[in-house]
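This report concerns only the one structure given below.
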Amino acid sequence: MNRFRILSVVAVSTVVSVLLTACGKDKRSTGWEYAPNMYEHIAYDPYQPNPNFKNGTTAQVPPAGTIPVGFVRFDYPNTKDGYEKASVEVVNKYITDKKTLADGKVLFEHFCSPCHGIQGQGDGLVVQHGYPAPPSYSKGTSSRGGAMKDLTDGKIYHTITYGLNAMGSYASQLDPDERWKVILYVHQLQKL
Ligand code: HEC
């Protein structure tokens with residue numbers, strides 16, 4: 001008996017709710033909203049007009065110099081001067097140990113070895129297929145002057161961040177910590 005009662009309550013409420021939701025004349029209407037303040041909240045939407053600001057919009061341009069949380073600045077421009085200045089001032093915050101070198105090796109082999117080669121000799125797979133060859137890290141000469149084996153932390157960081165000629169920027173693929181680990185590994189290849 002009790003079971004019948006439950007079943008009939010469920011059946012009646014199903015029919016009622018179908019009727020309530022299905023009978024709107026306006027086909028675009030969402031019907032009755034449950035908890036409407038979840039849809040029509042009091043907070044402003046980013047692109048909603050907003051009388052509280054002078055320019056009348058909600059989304060405001062951040063003040064000059066604003067950086068995202070966790071963003072690491074690199075205030076050396078993509079010029080020869082920026083490169084030389086970074087060379088003197090920027091120092092790797094990691095020390096060479098087993099873990100950082102192992103991480104650097106993995107990152108190097110994924111992101112750099114296709115051109116630079118596993119040993120950093122400038123003979124990676126895409127170079128074997130005709131891509132312009134980078135100079136060897138241990139025996140080559142940089143197009144910006146000086147031996148590749150003498151490239152400093154700052155010069156390599158600058159290169160990874162901005163790229164150089166046929167080499168693109170790797171700033172969007174490698175975060176600053178990853179760049180520093182790759183640099184430790186490049187220093188190993190400079191000794192080969
Ligand atoms: C698409 C191929 C390619 C990839 C991938 C690549 N490079 Fe290069 N890289 C080059 C070429 C080509 C040059 C030589 C550019 C020149 O001097 O004109 C170069 C030059 C360099 C130099 C020398 C910069 C200087 O001051 O002379 C460094 C250091 C370097 N790359 C590091 C890296 C690291 C680290 C990675 C991985 C994050 C990487 N490269 C990935 C092609 C590449």
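Positions are given from 1 along the sequence. When a ligand or atom number is given, it counts from 1 through the structure's own listing order.
The nearest protein atom to atom 10 (C) of ligand 1, hydrogens excluded, is given as M167 CB, 3.3 Å; this is a heavy-atom distance. Closest to atom 25 (C) of ligand 1, if we only count protein heavy atoms, is S142 OG, 3.4 Å. For atom 15 (C) of ligand 1, the closest heavy atom belonging to the protein is L164 O, 3.6 Å. For atom 2 (C) of ligand 1, the closest non-hydrogen atom on the protein side is C115 SG, 1.8 Å. In this structure, the protein non-hydrogen atom closest to atom 11 (C) of ligand 1 is P134 CB, 3.5 Å. In terms of protein heavy atoms, atom 26 (O) of ligand 1 is closest to Y83 OH, 2.5 Å. Of the protein's heavy atoms, S143 OG, 2.5 Å lies nearest to atom 17 (O) of ligand 1. For atom 9 (N) of ligand 1, the nearest protein heavy atom (residue, atom name, distance) is H116 NE2, 2.9 Å.
Here is the list of ligand 1 atoms found below 4.0 Å of a heavy atom in P132: 12 (C). Per-residue contacts place V182 under 4.0 angstrom from the following atoms of ligand 1 (heavy atoms of the residue considered): 35 (C). Of all atoms in ligand 1, listed by their number and element, those nearer than 4.0 Å to a heavy atom of N165 are 16 (C), 18 (O). Ligand-side atoms of ligand 1 in range of L174: 38 (C), range being under 4.0 angstrom from any heavy atom. Residue-ligand proximity, R144 to ligand 1, at heavy-atom distances under 4.0 Å covers atoms 24 (C), 25 (C), 26 (O). Every atom of ligand 1 with a heavy atom of C112 under 4.0 Å away is listed here by number and element: 34 (C), 35 (C), 36 (C), 37 (C), 38 (C), 39 (C), 41 (C). Residue-ligand proximity, A166 to ligand 1, at heavy-atom distances under 4.0 Å covers atoms 12 (C). Counting atoms of ligand 1 from 1 in the listed order, those under 4.0 Å from a heavy atom of I160 are 35 (C).
For T159, every N, O or S atom stays at 2.8 Å or more from atom 8 (Fe) of ligand 1.
Between the side chains of K139 and Q121, at least one donor N or O sits under 3.5 Å from an acceptor N or O. Between T100 and D103, the side chains place no donor N or O within less than 3.5 Å of an acceptor N or O (distance only, hydrogens not considered). Checked by atom type, the side-chain pair R144/T159 shows a donor-acceptor distance below 3.5 Å.
Using the six-membered ring where Trp is involved, H158 and Y83 have ring planes that are perpendicular, over 60° apart on the 30 and 60° scheme. F111 and Y170 have perpendicular rings, their planes meeting at more than 60° on a 0 to 90° scale where under 30° would count as parallel.
Using a 4.0 angstrom heavy-atom cutoff, Y131 counts as in contact with ligand 1. Remark: distances from the non-hydrogen atoms of K155 to ligand 1 are all 4.0 Å or more. At least one heavy atom of P135 sits closer than 4.0 Å to an atom of ligand 1. The shortest heavy-atom distance from M148 to ligand 1 is under 4.0 Å.
Counting heavy atoms closer than 4.0 Å to ligand 1, residue L151 contributes side-chain atoms (C-beta onward) but none from N, CA, C or O. Of all the heavy atoms of L107, none lies under 4.0 Å from any atom of ligand 1, so neither backbone nor side chain is involved.
A single hydrophobic cluster is seen to contain both L107 and M167, as judged by linkage of ILVMFWY side chains at heavy-atom distances under 4.5 Å, directly or through other members.
Residues P176 and Y157 are in side-chain contact: their nearest non-hydrogen atoms beyond the backbone lie under 4.5 Å apart. The closest side-chain heavy-atom distance from T141 to M148 is not below 4.5 Å. Residues F53 and N50 have side chains in contact (heavy-atom distance under 4.5 Å, counting atoms from C-beta outward).
With Y137, F111, Y170 as candidates, the residue nearest to atom 33 (C) of ligand 1 on a non-hydrogen basis is Y137.
Y137 pairs with exactly one of H116, Q190, K149 by the side-chain hydrogen bond (donor to acceptor under 3.5 Å, both in side chains) rule, that one being H116.
Of the charged side-chain nitrogens involved, none lies within less than 4.0 Å of a carboxylate oxygen, so that D81 and K85 do not count as a salt-bridged pair. Taking a cutoff of 4.0 Å between a charged side-chain nitrogen and a carboxylate oxygen, R73 and D75 qualify as a salt bridge. A salt bridge links K93 to D177: one of the charged nitrogens lies within less than 4.0 Å of a carboxylate oxygen.
S169 places a side-chain N or O within donor-acceptor distance of the main-chain N or O of T161, the cut-off being under 3.5 Å.
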